[in-house]
Amino acid sequence: MQAVLDALVGWHDVEEQLAVGWNARFFHGILTPKGSERYSEAFLLRAGRHPRPVYRISAVEYGSDLESVVIQGLRDRFWRVRWTAAQTALAPPAMLAELVHDTSAEVRSAAAGNPSTPRAALWALLDDRVLRVREAAARNQSLGESDLRQLSQHRDPGVRRVVATRTATPVDVLDALALDDDLSVAEAVGCNERASSLALHRVVRRTSNSRTMEHIAVRAQTRLDDLLYLIDRGDPSALMAMAKHCPVTEALHALAQVDDALVRAAVLTNPSVKTETLMVMPLDAPVAEHRAAAAHVNATWATCRRLAVHYLASGHLGRRYIGVEMVANGMAKGDASAATGPGSIDEPFDIVFALFTGQRTDELLVWAKGTTGPKWRRNYVLDRLSV
């Protein structure tokens, strides 16, 4: 009778107010209600009887806070409507339990992921014939520590893999899962931020998965020997992740000496790099790398002096002026005041340092006006002394 009345009245009001399109529904999934517009319960119940499923789905979305609308959606003949309703917070537990036997795996997945699904139904879904349903049930937020312990022994590696990813899983369970016969389960443990150093040690020796090694490379709890093992493995993704985000100074010290210039450049963006590490950056590295080392927050006068000496000894005019730049950088460091003056003016660095500090200018002027010494040094001294 209701269907006859609806047909006689027509659907223009529903179609005009909801204004949805099947294409948008198909390609974008659940539509977000426009603005803060609210519809009456009677209107949404009427929209939930529209012949076209797209309007019935929208009715459930707009009425997700109305139990009557949600219940109507759960009883709909079209699986997308039931799927939408099964994800709502107001879905009655008893009706969610009925969805264990739904013909659509998507609907069963939605029920499996709903925290309101009764425990008995949830455990039934953990043995569903479809993997994504079992995985959705294993991700259900209503599962407690005892449940996760039990599921860590589940026959399905897909379920155990989900347990290995959950931050609520006890640490000792993660330790055990790191030795799981299925490597994908162990690799999931390696990506869990709560995994212990023992679990990470067990995983890193088994995996060849770049994503897993990336996660292990940046964990504060990863053991130093495991970090050095990853460096020896030489996986580019793991090395770059470690260089940028690893907080372990000993590992960064080792990375600063690898042959890969990109990795060394990434190390210089890490605030955990210590002064000692900056002092071992290769002198044959690119100029940009040396400039980054000099600009690092932990660089000292000694860091810049080492680079300045290297560049000032070059036979290339441009590189010599980079050496001058390094002296200027060093003078700006907090420990520059402790630097002592040069003992002589025989070396390029001693000359530049003396000019920056205003030392022995008369002696330098006499030397520059003489006929001995490289021409570029004499010209530089005369220019700095404005002669």
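Electrostatic pairing of Glu106 and Arg132 counts as a salt bridge here, judged by a charged N lying under 4.0 Å from a carboxylate O. No salt bridge links Asp175 with Arg202; every basic N to acidic carboxylate O contact stays at or beyond 4.0 Å. Using a cutoff of 4.0 Å between basic side-chain nitrogens and carboxylate oxygens, Arg205 and Asp225 are scored as salt-bridged.
Between the side chain of Arg264 and the main chain of Met281, no donor-acceptor pair closer than 3.5 Å is present. In this structure, Ser58 contributes its side chain and Val54 its backbone to a donor-acceptor pair below 3.5 Å. Proximity of a side-chain donor or acceptor of Thr222 to a complementary backbone N or O of Ile216 within less than 3.5 Å is detected. A donor-acceptor pair is defined here as one N or O able to donate and one able to accept, closer than 3.5 Å; no such pair exists between the side chain of His245 and the backbone of Ala217. One N or O on the side chain of Asn270 and one on the backbone of Ala243 form a donor-acceptor pair closer than 3.5 Å. The main-chain N or O of Thr249 is never found under 3.5 Å from a side-chain atom of Ser272 such that the two would form a donor-acceptor pair. Checked by atom type and distance alone, the side chain of Arg82 pairs as donor or acceptor with a backbone atom of Arg77 at under 3.5 Å. Of the possible polar contacts, none joining the Asp232 side chain to the Tyr229 backbone as a donor-acceptor pair under 3.5 Å is found. Under a 3.5 Å cut-off, the side chain of Lys244 and the backbone N or O of Val218 do not form any donor-acceptor pair.
At a threshold of 4.5 Å between non-hydrogen side-chain atoms, the residues Leu90 and Leu66 do not count as touching. Counting only heavy atoms from C-beta outward, the side chains of Val69 and Leu45 approach each other to under 4.5 Å. With a 4.5 Å cut-off on side-chain heavy atoms, Arg108 and Arg129 count as touching. Between Val324 and Tyr311 the shortest side-chain heavy-atom distance does not fall below 4.5 Å. Counting only heavy atoms from C-beta outward, the side chains of Leu255 and Cys246 never approach each other to under 4.5 Å. Using a 4.5 Å heavy-atom threshold, the side chains of Pro348 and Arg320 count as separate. Considering only heavy atoms from C-beta on, Leu230 comes within 4.5 Å of Val204 through its side chain. A heavy-atom distance below 4.5 Å is not found between the side chains of Ser64 and Gln87.
Closest non-hydrogen pair, Ala294 versus Asn329, comes out as CB-ND2, 3.9 Å. Of all non-hydrogen atoms in Glu289 and Leu268, the two that sit nearest each other are O-CD1, 3.1 Å. The two residues Ala138 and Val159 make their nearest non-hydrogen contact at CB-CG1, 4.0 Å. Here the closest heavy-atom approach between residue Arg134 and residue Leu126 is recorded as CD-O, 3.3 Å. Residues Val163 and Leu151 share a closest heavy-atom pair of CG2-CB, 3.7 Å. Ser314 and His316 make their closest contact through OG-N, 3.0 Å (heavy atoms, listed as atom of the first residue, atom of the second, distance).
Once rounded to the nearest 0.5 Å, the distance linking CZ of Arg211 with OG of Ser237 reads 12.0 Å. A distance of 12.5 Å separates CG in Asn114 from CE in Met95, rounded to the nearest 0.5 Å. Separation of atoms CG (Asn140) and OG (Ser116) is listed at 9.0 Å; rounding is to 0.5 Å. Rounded to the nearest 0.5 Å, atoms CG (Asp235) and OG (Ser210) are 3.5 Å apart. Put simply, CZ on Arg166 and CZ on Arg139 are 9.5 Å apart, with the number rounded to the nearest 0.5 Å. The CZ atom of Arg56 sits 4.0 Å away from atom CG of Asp76, with the distance rounded to the nearest 0.5 Å.
Using a 3.5 Å distance cut-off with no hydrogens or angles, the side chains of Asp102 and Ser104 do not pair a donor with an acceptor. Using modelled atom types and a 3.5 Å distance limit, the side chains of Asn209 and Thr207 yield no donor-acceptor pair. Side-chain N/O atoms of Arg161 and Ser184 include a donor and acceptor closer than 3.5 Å. The closest side-chain donor-acceptor pair between His215 and Asn192, if any, does not fall under 3.5 angstrom.
In the hydrophobic clustering of this structure, Leu122 does not group with Val133; members are Ile, Leu, Val, Met, Phe, Trp, Tyr whose side-chain heavy atoms approach within less than 4.5 Å, directly or through other members. Cluster annotation: Leu382 is connected to Phe353 through the hydrophobic network of ILVMFWY side chains, with a link wherever side-chain heavy atoms come within less than 4.5 Å. Under a hydrophobic-cluster definition in which Ile, Leu, Val, Met, Phe, Trp and Tyr are linked whenever side-chain heavy atoms come within less than 4.5 Å, directly or via other members, Leu143 and Leu99 are assigned to different clusters.
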Inset, instruction - Would you check, one step at a time, whether the test side-chain contact (heavy atoms from CB on, under 4.5 Å) holds for Asp156 with Leu131? - result: CA-CA 9 Å; Asp156 179 17; Leu131 174 59; 3.4 Å; yes
Inset, instruction - Please report the C-alpha distance between Leu239 and Val258 in whole Å, then the side-chain angles of each, then the deciding distance to 0.1 Å, and finally whether the side-chain contact (heavy atoms from CB on, under 4.5 Å) criterion is met. - result: CA-CA 10 Å; Leu239 291 184; Val258 300; 5.7 Å; no
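With Leu307 as reference, Met326 is the one residue of Glu325, Arg291, Met326 to meet the side-chain contact (heavy atoms from CB on, under 4.5 Å) rule.
Using a 30° and 60° split on the angle between ring planes, His310 and His290 fall in the perpendicular class, above 60°. Below 30°, between 30° and 60°, or above 60°: for Trp301 and Phe349 the angle between ring planes is between 30° and 60°, a tilted geometry.
Under a cut-off of 6.0 angstrom, the local environment of CZ in Arg194 is crowded, with over 12 non-hydrogen atoms contributed by other residues, nucleotides or ligands. The local environment of CG in Asp259 is sparse, with at most 12 non-hydrogen atoms from other residues, nucleotides or ligands closer than 6.0 Å.
Cation-pi geometry between Arg49 and Trp11 is not met: the NZ or CZ atom fails to fall both under 6.0 Å from the ring centre and inside 45° of the normal.
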